[in-house]
Undergrad: 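Sharing a structure, written as structure tokens. Questions coming.
All values reported here derive from a predicted model rather than from experimental measurement.
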Amino acid sequence: MCSDLSGESGRGLSAGSSRVRSSRSVRLRLGGSRSMSAPFEERSGVVPCGTPWGQWYQTLEEVFIEVQVPPGTRAQDIQCGLQSRHVALAVGGREILKGKLFDSTIADEGTWTLEDRKMVRIVLTKTKRDAANCWTSLLESEYAADPWVQDQMQRKLTLERFQKENPGFDFSGAEISGNYTKGGPDFSNLEK
């Protein structure tokens, strides 16, 4: 089971629960102004899911896996296999992470980097890139987000969806309540 880690982490150079008040309403409170030039996750932070080896988090389009490795690790010590539905990572012959991913990814867009010789960052591109595709765990049977973290992840993806649909507004500091599960309400059938 993953749990919340204190602090925020940003995107690398490389590469309280809420009650649902209504099934049709979403309430937003916009935060202060921030620079719109930085990506949404840099302005708003991420919702990490802690694991024994590090953490993972997601955006609408990508899943990030950050694995702590012994200081001084060299790239040639790392074996990393990335496929559409599978990930495998070993360091110095020791298996760290291996299994079937929660959902599919675009295999040729997956990358891994060794950062500061102490962390491996894996970036996977989701096949389904929308707020309704909030991964509840990294692997099908391991590293599930606890209910509070899952709720926060879904809120973040819904706000990121609103940001993408309304680029003139800054939702990075917004708070959301109401029906935000599965990406929030569908406004596509409303008249313009």
Undergrad: Do the side chains of V87 and L139 get nearer than 4.5 Å, heavy atoms only?
TA: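 The answer is yes, as the side chains (C-beta and beyond) meet within the 4.5 Å cut-off.
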Undergrad: Using a 4.5 Å cut-off on heavy atoms from C-beta on, say whether the side chain of V67 contacts that of T51.
TA: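 Sidechains of V67 and T51: no contact.
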Undergrad: Between T59 and E61, do the side chains contain an N or O donor and an N or O acceptor separated by less than 3.5 Å?
TA: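 There is no such pair (donor and acceptor under 3.5 Å, judged by atom type) between the side chains of T59 and E61.
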Undergrad: Minimum heavy-atom separation for Y143 and I96, please, with both atom names.
TA: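 So the two residues come closest at OH-O, 4.3 Å.
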Undergrad: Given side chains that start at C-beta, do those of Q79 and L89 come closer than 4.5 Å, heavy atoms only?
TA: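 No; the side chains remain at least 4.5 Å from each other.
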Undergrad: Measure across C134 and Q150 and return the closest heavy-atom pair with its distance rounded to 0.1 Å.
TA: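 So the two residues come closest at SG-NE2, 3.2 Å.
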Undergrad: Okay, side chain of D77, backbone of V91: is any donor-acceptor separation there less than 3.5 Å?
TA: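 No, the answer is negative, given that no donor and acceptor are paired below the 3.5 Å cut-off.
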Undergrad: Grab the two heavy atoms, one from S137 and one from A144, that are nearest each other, plus how far apart they are.
TA: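 Scanning both residues completely, I find the closest heavy atoms to be CB-CA, 3.4 Å.
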Undergrad: Check whether any side-chain heavy atom of V120 lies under 4.5 Å from a side-chain heavy atom of I78, and answer yes or no.
TA: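 Yes; the side chains approach each other to less than 4.5 Å.
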Undergrad: State whether the side chain of S84 and the backbone N or O of T105 hold a donor-acceptor pair below 3.5 Å, judged by distance alone.
TA: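 Yes; judged by distance alone, with no hydrogens or angles, the pair exists.
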Undergrad: Calculate, to the nearest 0.5 Å, the distance between atoms CG and OG1 belonging to N133 and T127 respectively.
TA: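 Spacing of CG (N133) from OG1 (T127) equals 8.5 Å.
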Undergrad: Are W135 and Y57, when compared by the centres of their aromatic rings, separated by less than 6.0 Å?
TA: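 Centroid separation for W135 and Y57: 6.0 Å or greater.
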Undergrad: Check for a donor-acceptor pair, side chain of R129 on one end and backbone N or O of K126 on the other, with a separation under 3.5 Å.
TA: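 Indeed, once roles are kept as given, a pair shorter than 3.5 Å links the two residues.
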Undergrad: After noting the C-alpha distance and the side-chain angles of K156 and T158, does the key distance pass the side chain to side chain contact (heavy atoms under 4.5 Å, CB included) rule?
TA: CA-CA 5 Å; K156 182 70 72 177; T158 301; over 6 Å; no
Undergrad: Spell out, as yes or no, whether a donor-acceptor pair under 3.5 Å connects the side chain of R85 to the backbone of L101.
TA: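 Checking the backbone N and O of L101 against the side chain of R85, a donor-acceptor pair under 3.5 Å is found.
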Undergrad: Taking V69's backbone N and O only, do any of them form a donor-acceptor pair with T73's side chain (distance below 3.5 Å, no angle check)?
TA: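 No; zero donor-acceptor contacts below 3.5 Å.
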Undergrad: Rounded at 0.5 Å granularity, tell me how far CD in Q58 sits from CD in Q154.
TA: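 Separation between the atoms: 8.5 Å.
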Undergrad: Charged N to carboxylate O under 4.0 angstrom, R161 versus D130?
TA: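 Between D130 and R161 there is no salt bridge, as every charged N stays at least 4.0 Å from the carboxylate O atoms.
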Undergrad: With a 4.0 Å cut-off on N to O distance, would you call K164 and E160 a salt bridge?
TA: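 Looking at E160 together with K164, the answer is no, because their closest N to O distance does not fall below 4.0 Å.
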Undergrad: Considering all heavy atoms of both residues, which atom of P71 and which atom of K118 are nearest to each other, and what is their separation?
TA: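 Shortest heavy-atom contact: CA-CB, 4.2 Å.
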Undergrad: Looking only at heavy atoms, what is the nearest atom pair of L82 and C80, with distance?
TA: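 In terms of heavy atoms, the two residues are closest at CD2-SG, 3.8 Å.
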Undergrad: Considering only heavy atoms from C-beta outward, does the side chain of W53 approach that of L97 to under 4.5 Å?
TA: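 SC-SC contact between W53 and L97 confirmed.
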Undergrad: So how far is it from D103 CG to E140 CD, rounded to the nearest 0.5 Å?
TA: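 Rounded to the nearest 0.5 Å, the CG-CD separation comes out at 9.0 Å.
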Undergrad: Nearest 0.5 Å, what's the CD-CG distance between Q76 and L114?
TA: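 Q76 CD to L114 CG: 9.5 Å, rounded to 0.5 Å.
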Undergrad: When rounded to the nearest 0.5 angstrom, what is the spacing between CD in E66 and CD in Q55?
TA: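 Those atoms lie 4.5 Å apart.
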Undergrad: Looking at every heavy atom in both W56 and L138, which two are closest together, and how far apart are they?
TA: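 Minimum heavy-atom contact is CZ2-N, 3.5 Å.
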Undergrad: D108 and T125: side chain to side chain contact (heavy atoms under 4.5 Å, CB included), yes or no, with the steps?
TA: CA-CA 9 Å; D108 350 347; T125 302; over 6 Å; no
